[in-house]
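Reading through the structure tokens given below for one structure.
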Amino acid sequence: ILPALVEAAEHDAELESLFKEFGAERRAVLMGILERAAARGELRPGLDLDLALELVTGPIFARRLVLRRPLTPTYAEALVDALLVLFRP
């Protein structure tokens, strides 16, 4: 249903607004986590936090929506380990 919503939102301003509002609320939570980590010096200086957020969420959406595979603790750990290589100072 998500691909259909994305397509519909491209042609319906009200749906697009609702879609963006829904995403912005969730994005703000994750961005807050990244901003606090950056402030503590846990992330590479100059790291593009918008890109970092997309690198966190993209694989999760791809795994569930495209590959139709489960999100397991093992996968989550492997994803975090890979992202830390990119994000750490």
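Along the sequence shown, the residues carry numbers beginning at 1. Everything quoted here is computed from the prediction, not taken from an experiment.
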If you take all heavy atoms of [X] and [Y], which pair is closest and at what distance?
X	Y	result
A38	L43	N-CD1, 3.8 Å
M31	D50	CE-OD1, 3.2 Å
E54	P59	O-CD, 4.1 Å
E42	P89	O-CD, 3.3 Å
L15	L5	CD2-O, 4.2 Å

Other residues, nucleotides, ligands: >12 heavy atoms within 6.0 Å of [X] [atom1]:
X	atom1	result
R44	CZ	yes
E25	CD	yes
R40	CZ	yes

Is there a donor-acceptor pair closer than 3.5 Å between any side-chain N or O of R36 and the backbone N or O of G32?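 Side chain of R36 to backbone of G32: a pair is present.
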Sidechain-backbone polar pair: S17 side chain, A13 backbone, donor-acceptor under 3.5 Å: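 No.
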Relative to F22, does R26 satisfy both conditions: NZ or CZ under 6.0 angstrom from the six-membered ring centre, and within 45 degrees of the ring's axis?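 Verdict for F22: a cation-pi partner in R26.
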Taking the cut-offs as 6.0 angstrom to the six-membered ring centre and 45 degrees off its axis, would you call R69 and Y75 a cation-pi pair? no
Rounded to the nearest 0.5 Å, what separation is found between the CG atom of L79 and the OG1 atom of T72?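 Those atoms lie 10.5 Å apart.
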Would [X] and [Y] show up in the same hydrophobic cluster when neighbours are defined by side-chain heavy atoms closer than 4.5 Å?
X	Y	result
L51	I60	yes
L34	V29	no
L18	V6	no
L84	L53	no

Validation row: L47, L49 side chains within 4.5 angstrom (heavy atoms):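 They are in contact (side-chain heavy atoms under 4.5 Å apart), so the answer is yes.
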Starting from the C-alpha separation in whole Å, work towards a yes-or-no answer on side chain to side chain contact (heavy atoms under 4.5 Å, CB included) for L67 and F61. CA-CA 9 Å; L67 301 174; F61 281 105; over 6 Å; no
